[in-house]
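FYI, side chains are in, hydrogens and waters are out, and symmetry mates aren't considered; it's all heavy atoms of this structure.
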Amino acid sequence: MQTLTKKVAQGAASLLTLTLLSGCPAPEEKPTPSPEEEPVVTASVKGQLKWKRQDALAADLSRALALGEDELCKEVGRYDCIDYVHKVALGGNEPEEAGQYMPLAEPGASTPIAVERVVFAACSAAAYADREVRAAPVAFWGIDLNAAALDASDERTREGASKNITALYQSLLARDPLKREVDAVLTLMEDDAGQGVSGDTFAVLACFTIATQSEFLFY
Amino acid sequence: MSHQAMRIAQASAAWLAALVVVLTASAASARPEAPRAFCAAYPEAPNCKGRLVTCAQCHSAVPAFNPYGTALISALYADGAVDDFEAGVTAAVTRIESDDSDGDGLSNLEEIMLGTSAGNPLSHYALKPQPAGENPGYAVGKWDAAFAYKRVMISYCGKSPTYEELKTIRAAADPRAEVHDALDACLASDYWRDEGLARLADNRIRPLKAIGLKGVIPLADYDWDYRLFAYVLTGDRDARELLTADYHVDADFNRVEGTIAKDTTSPMDYGPQPLIPEQRAGMITTQWFFVINTMFSALPRTTAAQAYRAYLGADIAKSEGIMPVANEPTDVDGKGVQAPDCAACHSTLDPLSYAFSAYDGIRDVLLDDRPQSRNGQYNPTRTPWGTDSVLLGKAVPNLRAWAEEAVKTDAFARNLGAMFFTHGVGEDPGPAHQAEFEALWRSLDGDGFSANRLIHRVIDTDAFGVP
């Protein structure tokens, strides 16, 4: 699990690098990209983004993963993570009982971990629903959720996963991914020892990687 | 003594006088008229339009001066004692405007006109260069429809646009018009009415479940406040009715005239809105507003301060909106507010508050040997002093006049503009967007004070729509 976590972090970091608005090639590389593969990305000078707070976070995860907002995440199986337990950390405020009349102006110290907890729970809930509840998979239709270990070298497996990753990008980030982004997520099919992970694990990790990008969490 | 020696002696005396003032400055020397004097010199400064500068303009932590304040004091007392402090300050600020008191590279005048602090080197602004180059996702440096559309959907509809919706916007013949159409739909949505606007109302209404309708000791029902707030700020209605409405809004979002009688199922033993329409002044005269703010106060200072803060954007607790009235405070209720430590703020707050005295906060009377609540009702004989008040330098005889005067002020318009600007853009208006921001709130009058039209203007700003 630790190596998988490391891999997710590496994958997320590389995705972040790709999506951050920077266009400088490494000194030893001089790419001649096609616009689709290596777009020139001029950075914004404003550096001012808004934080996607708890209500929009819940709405977006719910729609992308085809889950009810009350199905995304529950602490100890009972208490809603987004609207109750982690509401303040996720950008909301509770005025009537807590007397909190203003939300946090900026993400707090516990916001990142609360976001990751919620996203991981939501992705896991979607994988579970696809595998155990729904008549047919809705969020992870391109991944064999019952596979004990995915074969990353198998073309059909990769093709299905690639299409699913593209669909996740479209549902979560409302855009098509770059090929490099898809390739980066595909690396999550294998752990650090080069062994294939289960289909269920890959689905959750792919979902988590995409939904914890800055692009999803800020606007 | 030679001429030069005399000049040196005079300069030294001025510095010594200034030093004495600085070293012995205390709350006893508080000069609450200084913000007004400053803005008399700089009416076009951003912090003087629809508001006044605060004590922080010259003070780091009252009574200590920041570098700008120190320079101002030296200039003020350069020629010795000053008879008219306000006039002296208005003149002295111009004498030091070419200086850079905090050494941050911007002159005092530049900082004043930018809205940054001339006494704090960390308060600084530098114009950012325009980006040059392409970006496949957005038109950086220019208003971008897809970027604005995403912000519109999340800010006003509570959810991101879908892949298909963004494609449609990008392919539209007139993407900006499409974004505005989307905004119209969002502003008519349940999300905006029940969640978006409600969260903007929280700090103005200040609910408390324990004494709300569903609380253990129900005293008033703040749901009426939330509905009135949302009603006035939707549907192209006139936002000035936040302070002038004499009606209420029921659970079906319908306007209801007159008082609201007791509901037979209500746990309260009185009607939810007993105040007669003739004495109503919108949000600042709901039963909840009086219950939570006035409570048992004879002179409702908290009530007045909350009205000033919530609807005119001046938080006296932060030394905002300090406009002392001559010969005030008179300490009508014997609370000791004439003490110098207190009078600096109470010279503004007390005359602001008299108009609220004629309304009960929490009050029971015995009727038929049974306590009956008179929470939030009009009671003109409640206190021995009258209701003549002063709001932003204008005399007003009662609370209705207070409200009617308030909605005419730049402060009201600016506060409304700031609320929606900050909500939409995600930050308070700063130096980069002062011109846009001022144009926004000054447009309210021409737009009939429609919040919806204001929000349409917000999304057209560079602050909102330029990535």
Side-chain angles (χ1 to χ4, degrees), chain A residues 19 21-23 33 35-64 69 83 91-103 105-106 166-178 215-219, chain B residues 127-141 144 146-147 149-151 153-155 157-167 191 195-196 198-210 212 214-215 222 226 422-428 430 432 462-464 466-467:
Chain A
T19 54
L21 304 175
S22 156
E36 295 79 21
E37 292 309 312
E38 294 286 348
V40 174
V41 181
T42 300
S44 165
V45 298
K46 283 175 72 177
Q48 188 262 329
L49 292 173
K50 290 181 73 176
W51 172 20
K52 183 187 287 182
R53 294 173 185 264
Q54 91 292 358
D55 45 2
L57 180 69
D60 288 358
L61 286 172
S62 169
R63 183 177 60 198
E69 288 190 22
D83 202 44
N93 62 292
E94 207 304 302
E96 294 183 66
E97 294 189 57
Q100 189 193 13
Y101 299 133
M102 302 278 285
E106 293 172 352
T166 298
L168 285 171
Y169 262 80
Q170 291 172 348
S171 62
L172 286 164
L173 303 183
R175 67 170 175 88
D176 296 320
L178 299 173
E215 190 180 343
F216 182 70
L217 302 173
F218 296 89
Y219 64 103
Chain B
L127 189 65
K128 290 180 180 158
Q130 280 299 303
E134 298 295 316
N135 183 304
Y138 303 100
V140 289
D144 183 275
F147 180 79
Y149 179 60
K150 191 171 180 184
R151 282 194 158 186
M153 290 295 290
I154 297 175
S155 302
C157 265
K159 58 185 178 182
S160 294
T162 64
Y163 176 82
E164 290 302 327
E165 285 170 341
L166 266 179
K167 267 179 72 174
Y191 171 81
E195 184 63 28
R199 299 294 68 84
L200 292 175
D202 286 336
N203 203 27
R204 292 161 172 84
I205 295 171
R206 301 194 167 190
L208 180 57
K209 189 173 180 181
K214 300 170 204 122
Y222 46 76
Y226 277 100
T422 301
H423 171 265
V425 174
E427 59 185 18
D428 292 338
D462 286 357
F464 185 91
V466 171

Select one option (side chain, backbone, both, neither) describing which atoms of [X] are under 4.5 Å from chain B's heavy atoms.
X       : result
A:Arg53 : neither
A:Gln48 : both
A:Asp60 : side chain

Nearest 0.5 Å, please: how far is [atom2] in [Y] from [atom1] in [X]?
X        : Y        : atom1 : atom2 : value
B:Lys159 : A:Leu61  : NZ    : CG    : 14.5 Å
B:Arg151 : A:Leu49  : CZ    : CG    : 6.5 Å
A:Lys52  : A:Glu215 : NZ    : CD    : 9.5 Å
B:Phe147 : B:Phe464 : CZ    : CZ    : 8.0 Å

* **B:Tyr149 backbone acceptor or donor facing B:Glu165 side chain under 3.5 Å** => no
* Asked: Does B:Asn203 reach the main-chain N or O of A:Tyr101 with its side chain, forming a donor-acceptor pair under 3.5 Å?
  -> no
* Asked: If you count the non-hydrogen atoms of other residues, nucleotides and ligands that lie under 6.0 Å from NZ in B:Lys209, is the total more than 12?
  -> no
* So does A:Lys50 have more than 12 non-hydrogen atoms from other groups sitting under 6.0 Å from NZ? -> yes
Which answer fits [X], side chain, backbone, both or neither, if we ask what part of it has an atom under 4.5 Å from a heavy atom of chain A?
X        : value
B:Lys128 : side chain
B:Asp462 : backbone
B:Ala198 : neither
B:Ala201 : neither
B:Glu195 : side chain

Find the one option among [options] whose heavy-atom pairs under 4.5 Å with chain A are most numerous.
options                                : value
B:Gly212, B:Gly141, B:Ser155           : B:Ser155
B:Gly133, B:Ser160, B:Pro131, B:Pro129 : B:Ser160
B:Tyr138, B:Tyr163, B:Tyr222           : B:Tyr163
B:Leu208, B:Val466, B:Asp202, B:Leu166 : B:Asp202

* Do B:Lys214 and A:Glu96 meet the salt-bridge criterion of a basic N to acidic O distance under 4.0 Å? -> no
* **Most contacts with chain B, counted as non-hydrogen pairs under 4.5 angstrom, among A:Met102, A:Glu106, A:Gln100** => A:Met102
